[in-house]
Amino acid sequence: METTQYTVNNFTNMVKEQLNVLIQLAASDNEVAEKEAKLIHIIGQSNGVSKEEIDEMLKNPERPIGDLSMLTPDQKFEHLYHVVQLMKVDGQVFKSEIVFCQDIAERLGYKKGVIAELSSKIFSDPSITADREMLKNKAQKYLN
């Protein structure tokens with residue numbers, strides 16, 4: 001039972017760390033757009049984080065980013081996928097967002113070029129899903 005609780009806590013912490021990164025990206029252009037907040041809520045709530053917790057995180061986007069190197073390869077890819085998707089969701093991509101995404105990619109163990117590769121294939125509309133396996137294979141080529 002204790003191991004299960006530990007695993008659940010680790011997962012919740014990992015999801016909150018991912019949300020923290022997404023919130024910082026959304027705030028990097030000094031304004032969290034409604035579409036960005038909506039996507040953050042969808043990702044958080046689908047992974048068990050309450051609306052209230054997400055709202056609180058959105059109010060305080062200054063939390064430092066933790067160690068992303070401990071994630072599994074699949075978790076790293078999902079993290080990267082969501083970062084690129086969020087960057088594009090409001091229909092505007094700012095230089096500050098690209099730089100932020102490149103920084104996160106490097107923290108995840110990817111080369112910066114992975115952002116350009118994925119962003120050309122990930123849609124701004126979250127209801128249009130790209131072929132994740134194909135994207136994962138492309139991203140693998142950018143791992144350090």
Side-chain angles (χ1 to χ4, degrees), residues 1-90 92-124 126 129-144:
M1 181 72 165
E2 207 168 295
T3 304
T4 305
Q5 190 59 43
Y6 178 74
T7 305
V8 169
N9 287 342
N10 273 358
F11 178 76
T12 303
N13 289 340
M14 182 201 66
V15 170
K16 286 182 179 177
E17 186 57 48
Q18 181 180 14
L19 292 176
N20 178 43
V21 169
L22 294 175
I23 289 166
Q24 288 194 32
L25 169 59
S28 70
D29 58 0
N30 297 319
E31 182 187 345
V32 177
E34 188 178 328
K35 286 182 178 182
E36 292 171 330
K38 187 175 179 181
L39 181 61
I40 290 167
H41 272 95
I42 289 169
I43 294 167
Q45 289 176 316
S46 69
N47 286 289
V49 180
S50 73
K51 180 184 182 318
E52 294 73 26
E53 284 180 285
I54 297 166
D55 287 340
E56 191 58 39
M57 291 175 77
L58 281 164
K59 286 181 203 163
N60 303 299
E62 300 303 316
R63 205 174 115 214
I65 296 171
D67 182 7
L68 303 176
S69 66
M70 303 305 286
L71 301 174
T72 67
D74 283 348
Q75 291 168 335
K76 287 179 180 185
F77 173 75
E78 285 301 311
H79 213 50
L80 195 61
Y81 182 91
H82 288 305
V83 166
V84 172
Q85 189 178 42
L86 183 73
M87 175 179 67
K88 296 181 73 173
V89 77
D90 64 357
Q92 297 179 308
V93 177
F94 294 94
K95 177 80 173 144
S96 60
E97 292 173 321
I98 295 168
V99 169
F100 185 89
C101 287
Q102 290 173 335
D103 177 54
I104 295 301
E106 287 185 316
R107 289 178 187 223
L108 290 166
Y110 293 93
K111 294 179 183 89
K112 287 181 180 182
V114 73
I115 297 302
E117 177 77 34
L118 293 181
S119 106
S120 68
K121 294 169 181 65
I122 294 175
F123 301 95
S124 58
T129 55
D131 179 350
R132 274 187 145 88
E133 254 339 281
M134 179 265 300
L135 291 175
K136 193 184 294 188
N137 290 335
K138 288 190 178 295
Q140 294 296 323
K141 296 173 185 162
Y142 288 89
L143 278 172
N144 288 325

Using a strict 4.0 Å threshold on nitrogen-to-oxygen distance, state whether Glu34 and Lys38 make a salt bridge.
no
Can you give me the closest heavy-atom contact between Val84 and Ile115, atom names plus distance?
CG2-CD1, 4.0 Å
Measuring from atom NE2 of His79 to atom OH of Tyr110, what distance do you get when rounded to the nearest 0.5 angstrom?
10.5 Å
Are the side chain of Gln75 and the backbone N or O of Thr72 linked by a donor-acceptor pair below 3.5 Å?
yes
Side chain to side chain contact (heavy atoms under 4.5 Å, CB included), that's the test. Do Ile54 and Leu58 meet it? Break it down for me.
CA-CA 6 Å; Ile54 297 166; Leu58 281 164; 4.1 Å; yes
Below 4.5 Å, heavy atoms only, C-beta onward: do Leu25 and Cys101 meet side chain to side chain?
yes
Trace of the salt bridge (Lys or Arg N to Asp or Glu O under 4.0 Å) decision for Asp55 with Lys51
CA-CA 6 Å; Asp55 287 340; Lys51 180 184 182 318; 2.9 Å; yes
Would you compute the distance between atom CD of Gln85 and atom CG of Leu118 and round it to the nearest 0.5 angstrom?
11.5 Å
Any salt bridge linking Lys111 with Glu106? Criterion: basic side-chain nitrogen under 4.0 Å from a carboxylate oxygen.
no
Thinking salt bridges, do Arg63 and Glu17 make one under a 4.0 Å N-O criterion?
yes
Donor-acceptor pair, Asn47 side chain versus Ile43 backbone, under 3.5 Å?
yes
Just wondering, do Glu117 and Lys141 contact through their side chains at under 4.5 Å, heavy atoms?
no
Heavy-atom closest pair, residues Pro61 and Ile23:
CB-CG2, 3.5 Å
Exercise: identify the closest heavy-atom pair between Ser28 and Ser96
O-OG, 3.5 Å
Is a donor on one side and an acceptor on the other found under 3.5 Å between the side chain of His41 and the backbone of Ala37?
yes
For the NZ atom on Lys136, are there more than 12 heavy atoms of other groups (residues, nucleotides or ligands in this structure) within a distance under 6.0 Å?
yes
Just wondering, do Met87 and Ser119 contact through their side chains at under 4.5 Å, heavy atoms?
yes
Test: Lys88 and Glu97 ion pair at under 4.0 Å:
no
Might you point out which heavy atoms bring Val114 and Ala105 nearest each other, and give the distance in Å?
CG1-CB, 3.7 Å
Any Lys/Arg nitrogen of Asp67 or Arg107 sitting under 4.0 Å from an Asp/Glu carboxylate oxygen of the other?
no
Taking every non-hydrogen atom, the tightest pair across Pro64 and Asn20:
O-ND2, 3.2 Å
Just so I know, are the side chains of Lys76 and Leu68 near enough to count as touching, which here means a heavy-atom distance under 4.5 Å?
no
Nearest heavy-atom contact between Ile65 and Phe100 is CD1-CZ, 3.9 Å
Taking side chain as C-beta onward, heavy atoms only, is Leu135 less than 4.5 Å from Phe77?
yes
Quick check: do Tyr81 and Ile122 have side-chain heavy atoms less than 4.5 Å from each other?
yes
Chi angles and distances behind the side chain to side chain contact (heavy atoms under 4.5 Å, CB included) call for Gln24, Glu62:
CA-CA 7 Å; Gln24 288 194 32; Glu62 300 303 316; over 6 Å; no
One should read off an interatomic distance between His82 NE2 and Ile40 CD1, to the nearest 0.5 angstrom, of 11.5 Å
Euclidean distance, Glu36 CD relative to Asp90 CG, rounded to 0.5 Å
4.5 Å
Report the C-alpha separation of Lys121 and Met134 in whole Å, then their side-chain angles, then the decisive distance to 0.1 Å, and conclude whether the side chain to side chain contact (heavy atoms under 4.5 Å, CB included) test is met.
CA-CA 10 Å; Lys121 294 169 181 65; Met134 179 265 300; 4.3 Å; yes
